[in-house]
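Encoded as structure tokens, the structure appears first; notes follow it.
Numbered from 1 within each chain, the chains take letters A, B, ... in sequence-line order.
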There are 2 protein chains.
Amino acid sequence: MTTDSETGASRAAAIASLDRLIHEPARLMIVTVLATVAEADFVYLVRETGLTKGNLGAHLVRLEAAGYLEIEKTFRGKVPRTVCRLTDAGLAAYRMYRDALRRTADELPEVRAGSEDGWLNRA
Amino acid sequence: MTTDSETGASRAAAIASLDRLIHEPARLMIVTVLATVAEADFVYLVRETGLTKGNLGAHLVRLEAAGYLEIEKTFRGKVPRTVCRLTDAGLAAYRMYRDALRRTADELPEVRAGSEDGWLNRA
DNA sequence: CCATGCGGTCTGTGATGCAGACTAGTCTGC
DNA sequence: GCAGACTAGTCTGCATCACAGACCGCATGG
């Protein structure tokens, strides 16, 4: 049989198992940036992601709540600054997601023009 | 500079450009199934995706509204049946998404443990 | 004739993504 | 020394959307 016996079903399961928290494009951008640079402050993230401050702040809160990143409040001179960094859990989640995404992306089938069997309701 | 000049920025743009309509896991499952089998009826999709009927119906409507798939009402004997098929636009969108996703997935960086430069706020 | 199961649609609700407004404090020009 | 502009960041409100359960119609089995 084909490489994947259940065609859609197993793929669907794989897709469904994607971490929704990271899957969200805005957060995927954030996490990707943080995976790349290890540390980033708020404005750097704003610039890299193109998100508005409000939006970014909300996503950061969500990621922090999930334990995926820690937010460290520091001061640069007298100006407060927020530095974000992925936690171990965040790193693990990122790796898992990336892995799953690659597998998913690789397995996304080419389009078949012909209407072959397999789509029948039965079974 | 590093291997990728803008590190995050370009990647972020690529991620942001992902088709949200398809990016949604539920719909990605649907579209993937349809790309695979070309045609599928409602219950087949329910089984393949594991979605509830209500949820699936809503997503189908959305995809139809976007012009990504056509919903054909037929009868099997006396029982009405709904057959879904990707439109050309849907196929194109799927291909584009898949392509973008693969590129994105491939480019998702490995984690760098060290806190290197690049994250600074200053430009 | 009634009950059950299959096929499919519809409505309500909770979550969430998003953007703009607002605050706090610093620096520059007059 | 004061006013205005800018940076840094948070908070609130709105619109959207995903999800699930309830509901309806039809056909079939007892």
Side-chain angles (χ1 to χ4, degrees), chain A residues 12-13 15-31 39-66 68-85 119-123, chain B residues 12-13 15-31 39-66 68-85 119-123:
Chain A
I15 292 172
S17 71
L18 287 173
D19 188 336
R20 292 292 286 265
L21 203 64
I22 297 182
H23 190 65
E24 171 66 28
R27 285 190 292 262
L28 179 54
M29 287 193 288
I30 296 169
V31 171
E39 276 186 2
D41 61 16
F42 191 85
V43 281
Y44 177 76
L45 286 174
V46 168
R47 292 181 186 160
E48 288 297 305
T49 61
L51 298 171
T52 61
K53 293 175 182 179
N55 200 1
L56 175 60
H59 285 303
L60 290 182
V61 167
R62 227 167 279 280
L63 288 169
E64 185 188 28
Y68 284 1
L69 63 83
E70 21 181 42
I71 301 180
E72 188 185 355
K73 306 280 186 183
T74 66
F75 286 86
R76 182 183 51 184
K78 306 167 185 176
V79 179
R81 184 174 52 165
T82 298
V83 175
C84 304
R85 178 192 323 219
W119 60 275
L120 290 170
N121 177 13
R122 317 221 22 78
Chain B
I15 292 172
S17 72
L18 286 173
D19 188 337
R20 292 293 286 265
L21 203 65
I22 297 182
H23 191 65
E24 170 65 29
R27 285 190 292 263
L28 179 55
M29 287 192 287
I30 296 169
V31 171
E39 276 185 3
D41 61 16
F42 191 86
V43 282
Y44 178 75
L45 287 176
V46 167
R47 291 180 186 161
E48 288 296 306
T49 61
L51 298 172
T52 61
K53 294 175 182 179
N55 200 2
L56 175 60
H59 284 304
L60 290 181
V61 167
R62 227 166 277 279
L63 287 170
E64 186 187 27
Y68 284 1
L69 62 82
E70 21 181 44
I71 301 179
E72 187 185 356
K73 306 280 186 181
T74 67
F75 286 86
R76 181 183 50 181
K78 305 167 186 176
V79 179
R81 183 175 50 165
T82 298
V83 175
C84 303
R85 179 191 323 216
W119 61 274
L120 289 170
N121 176 14
R122 317 217 21 78

- Task: Find the distance B:Y44:OH to C:dG7:P and express it as a whole number of Å.
- Result: 15 Å

- For C:dG17, does either OP1 or OP2 sit under 4.0 Å from a side-chain N or O belonging to A:R27? yes

- Task: Check the distance between C:dT16's C1' and A:E24's CD and give it to me in whole angstrom.
- Result: 8 Å

- Item | Any side-chain heavy-atom pair of B:T82 and B:D41 under 4.5 Å | no

- Query: Can you check side-chain contact (heavy atoms from CB on, under 4.5 Å) on B:Y68 and B:I30, steps first, answer last?
  - Reply: CA-CA 11 Å; B:Y68 284 1; B:I30 296 169; over 6 Å; no

- Query: So do the side chains of B:R27 and B:L63 get within less than 4.5 Å of each other, counting heavy atoms only?
  - Reply: yes

- Taking only N and O in the side chain of B:R20, is any of them less than 4.0 Å away from OP1 or OP2 of D:dT16? no

- Message: Between A:H59 and A:N55, do the side chains contain a donor N or O and an acceptor N or O under 3.5 Å apart?
- Response: yes

- Message: With a 4.0 Å limit, can you tell me whether A:H59 has a side-chain N or O closer than that to the phosphate oxygens OP1/OP2 of C:dT16?
- Response: no

- Task: Specify the separation, in whole Å, of atom CZ of B:R62 and atom P of D:dC19.
- Result: 11 Å

- Task: Can you tell me the distance, in whole Å, between the CG atom of A:L21 and the P atom of C:dT16?
- Result: 9 Å

Produce the list of close N/O pairs, under 3.5 Å, pairing protein atoms with atoms of nucleotides 9-12 of chain D; give distances to one decimal.
from	atom 1	to	atom 2	distance (Å)
D:dG9	OP1	A:P80	O	3.2
D:dG9	OP1	A:T82	N	2.6
D:dG9	N7	A:K53	NZ	3.3
D:dT10	OP1	A:K73	NZ	2.5

- If you look at every heavy atom in B:A12 and A:E48, which pair is closest and at what distance? CB-O, 3.2 Å

- Whole-Å distance, A:L56 CG to C:dT16 P, equals 17 Å

- Any strand, both distances under 3.5 Å, Watson-Crick or G-U wobble: C:dC30 pairs with D:dG1

- Task: Whole angstrom is fine here: how far is it from CG in B:L51 over to C1' in C:dG8?
- Result: 15 Å

- Query: Do B:E64 and B:E70 have side chains that get closer than 4.5 Å, going by heavy atoms?
  - Reply: no

